[in-house]
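First the structure, in the form of structure tokens, and then the observations on it.
Small disclaimer: the values here were computed from a predicted structure and weren't measured.
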Amino acid sequence: MLPGSIQITGETLSGAEIKDICDSLKENSVRLLSVRGCQLSDRDFGRVCRGVAESHSLAQLNLNLGVVLSISRVKQLADALKTNRSIQTLFLHGSPLLDAGLVALNTALSTHPSLVSLDLGDCMLGDEAIQLISGMLPPDGAKSGLRELTLSANPAITTKGWARLAIAVAHSSQLRVLNLDYNPLGDHIAGMLAVAVASSRSLEVLDLEGTGLTNQSAQIFLDMVENYPTCLRVLVLAENAISPELQQQISDLLSEGEEDEDKQAGARGSGGVAREKTTWLPNSNSSSQMVLVTSGLGDSLLAETEM
């Protein structure tokens, strides 16, 4: 467990435990709070939200796996986020938000001054939610926006919704990681995403695991990385009907691009201005993800959060 962290999984939380959590939040001694899959009363959830609102130290909040299970809890969380100024990463994976939940959260999320990483995987989202999320990926220079976005396993999103997201990704100057695994995308939507990746000046990681792709999509991505400059460094295509040979070709080309960039950076020498580099470290266990969140002040928080 990290220093300054509270991590509890799948337990029924007592009033005394909630009090300890809230006291720690108010004392600004907590940087990571994770209560994934925990059961707590509506009253206690409200107490935690008030603690989150008052905290100036909390950088990562994990409410995965059904903690935010009603629209009333969504609204309490939204109120907390409107007051909080420190959270950089918010995990809501496996919460039954629906589009109505995103509507309730939208203002708090889109105006939060520090939020850079958002996990909305398996949240039963549709096209209305995607329209709001696209607004969190503002065009070049418009305002600050998300650097990492997870939308895994939201099968209700249609082609229209994914097209809207692809346009936002193409014009975002800040998004670096996009996780769309286990959505029924297919080759047509993958083609739109390839155009977005080719246009993006920031996207480094794209996860399309288990999205119904074939060699047709892989060939498009191969042509893109072979013939056009791109920031992309990692493309995940596992659990698709794509040949291992094509996947390896793409991986090799992306690795070559990263090596060339490193050589160019070294050639500039130590006298140049160092560029900020943020790294996302994949974990071999697909059920968890290692995320390095870097704030604008150069402060970093490394935490492993199981999905």
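With contacts defined as side-chain heavy-atom distances shorter than 4.5 Å, the pair R31/Q88 qualifies. With contacts defined as side-chain heavy-atom distances shorter than 4.5 Å, the pair M192/T159 qualifies. Side-chain contact between L235 and V225 is absent, with no heavy atoms from C-beta onward closer than 4.5 Å. Looking only at side-chain heavy atoms (C-beta outward), V48 and L13 stay at 4.5 Å or farther from each other. Residues E128 and L102 have side chains not in contact (no heavy-atom distance under 4.5 Å, counting atoms from C-beta outward). Between F45 and Q76, some side-chain heavy-atom pair lies under the 4.5 Å cut-off. Contact check for D181 versus V236: no side-chain heavy atoms found under the 4.5 Å cut-off. Proximity of V169 to L178: side-chain heavy atoms (C-beta onward) are separated by under 4.5 Å at one or more points.
Within the 3.5 Å criterion, the main-chain N or O of A59 finds no donor-acceptor partner in the side chain of S86.
L213 and L254 fall within the same hydrophobic cluster, defined by Ile, Leu, Val, Met, Phe, Trp and Tyr side-chain heavy atoms under 4.5 Å apart, directly or through other members. Hydrophobic clustering (ILVMFWY, side-chain heavy atoms < 4.5 Å, transitive): L69 and L98 are in distinct clusters. Clustering ILVMFWY residues whenever any of their side-chain heavy atoms sit less than 4.5 angstrom apart, transitively, puts L185 in the very cluster that holds L246. L206 and I220 are not part of a single hydrophobic cluster, where members link through side-chain heavy atoms under 4.5 Å apart. The cluster map of Ile, Leu, Val, Met, Phe, Trp and Tyr, joined by side-chain heavy atoms under 4.5 Å apart, puts V103 and L109 in the same cluster.
Looking at N179 and S152, their side chains never bring a donor and an acceptor atom within 3.5 Å of each other. Side chain to side chain, N183 and T211 fail the donor-acceptor criterion of an N or O pair below 3.5 Å. Side chains of N215 and Q219: no donor on one and acceptor on the other come within 3.5 Å. Neither side chain, S117 nor D119, offers a donor N or O lying under 3.5 Å from an acceptor on the other.
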Please set out all donor-acceptor pairs under 3.5 angstrom arising from side-chain atoms of residues 17-24, sequence neighbours excluded.
residue	atom	partner	partner atom	Å
E17	OE1	S14	N	2.8
E17	OE1	S14	OG	3.3
K19	NZ	D23	OD2	2.9
S24	OG	D20	O	3.0

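Among residue pairs with one or both ends in residues 44-54, those qualifying as salt bridge (charged side-chain N to carboxylate O under 4.0 Å, His left out) are D44-R47; sequence neighbours excluded.
Considering OG of S217 and CG of L208, their distance stands at 8.5 Å, rounded to 0.5 Å. Here the CG atom belonging to L175 is positioned 5.5 Å from the CG atom belonging to L203, to the nearest 0.5 angstrom.
Only one option out of V74, L120, V68, L77 pairs with S95 in a side-chain contact (heavy atoms from CB on, under 4.5 Å); it is V68. When L180, I157, D127 are each tested for a side-chain contact (heavy atoms from CB on, under 4.5 Å) with L165, only one passes: L180.
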